[in-house]
Amino acid sequence: GAGVSQSPSNKVTEKGKDVELRCDPISGHTALYWYRQSLGQGLEFLIYFQGNSAPDKSGLPSDRFSAERTGGSVSTLTIQRTQQEDSAVYLCASSPSGRATGELFFGEGSRLTVL
Amino acid sequence: GDSVTQMEGPVTLSEEAFLTINCTYTATGYPSLFWYVQYPGEGLQLLLKATKADDKGSNKGFEATYRKETTSFHLEKGSVQVSDSAVYFCALSSLQGAQKLVFGQGTRLTINP
């Protein structure tokens, strides 16, 4: 398993419930990104980690969204009190460093459906 | 802020046709430019990139040239194959704040045999 791993691959939840999405980046990659892909939309940036700190959280849509990264590795994106507009594919990517002139390696995403 | 605008899809072509997918950008400074591809059932992967003006990125028969004067990075391929069917995303590296990629909305390409 050398690639970026995300879980769950699919999640169906009821409006108002909390969900957690997990990302396991490529070993040794210091930078980690979360993006959201809504139907018919491009990739919307959510948050960027360098190590365990998040220098850029500017894309988080509301205070219901939060993310953390521990041990410079696994990251969890948490959505509280989910709403139907949160339905999307949540993509995680990692890179060897934080320089965006390099390549990002993406996972296959977690598809979230809020009923 | 930085942004990327892509040709709207979906695009449907016959095998061996010539492909162009337009991409223009707005950015401060001179960002790096990328094309990513998402094949059915797979994650996004880098197709090609260019880091400065007039550079040409190429891979798998695809090419794109970084045009500063027209702020464009159009994707081209001379003869497409069925296996090229995928969603293509143009992106730039934002130089504002922490480094991240800004993506266009994606163009779905279908190649018919």
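The sequence lines fix the lettering, A, B, ..., with proteins before strands; numbering per chain opens at 1.
- Hydrophobic clustering of Ile, Leu, Val, Met, Phe, Trp and Tyr side chains at less than 4.5 Å, counting indirect connections, unites L19(B) with L33(B).
- For CD of E8(B), the number of neighbouring non-hydrogen atoms (other residues, nucleotides, ligands) closer than 6.0 Å is 12 at most.
- Within a 6.0 Å radius of CD in E85(A), more than 12 heavy atoms belonging to other residues, nucleotides or ligands are found.
- Within a 6.0 Å radius of CD in E15(B), other residues, nucleotides and ligands contribute more than 12 heavy atoms.
- Cluster annotation: F49(A) is connected to L60(A) through the hydrophobic network of ILVMFWY side chains, with a link wherever side-chain heavy atoms come within less than 4.5 Å.
- In this structure, K100(B) forms a cation-pi arrangement with F45(A), its terminal cationic atom sitting closer than 6.0 Å to the ring centre and no more than 45° off the ring axis.
- No continuous path of ILVMFWY side-chain contacts below 4.5 Å connects W34(A) to L91(A), so the two sit in separate hydrophobic clusters.
- The shortest heavy-atom contact between F89(B) and L43(A) is CE2-CD1, 3.3 Å.
- The hydrophobic clustering, which links ILVMFWY residues whose side-chain heavy atoms are closer than 4.5 Å, places Y33(A) and I79(A) apart.
- Among residues 63-74 of chain B, no residue has any heavy atom closer than 4.5 Å to a heavy atom of chain A.
- Atoms OG and CG, from S95(A) and L101(B) in turn, are 8.5 Å apart once rounded to the nearest 0.5 Å.
- Residues of residues 105-115 of chain A lying within less than 4.5 angstrom of chain B, judged on heavy atoms, are F106(A), G107(A), E108(A) in numerical order.
- One distance of note links CZ of F103(B) with CG of L104(A); it measures 6.0 Å at 0.5 Å rounding.
- There is no path of hydrophobic side-chain contacts, each under 4.5 Å, that joins V4(A) to L21(A).
- Only the side chain of Q37(A) comes within contact range of chain B, with heavy atoms under 4.5 Å apart.
- Within a 6.0 Å radius of CZ in R64(A), more than 12 heavy atoms belonging to other residues, nucleotides or ligands are found.
- With a 4.5 Å cut-off on non-hydrogen atoms, Q38(B) touches chain A through its side chain but not through its backbone.
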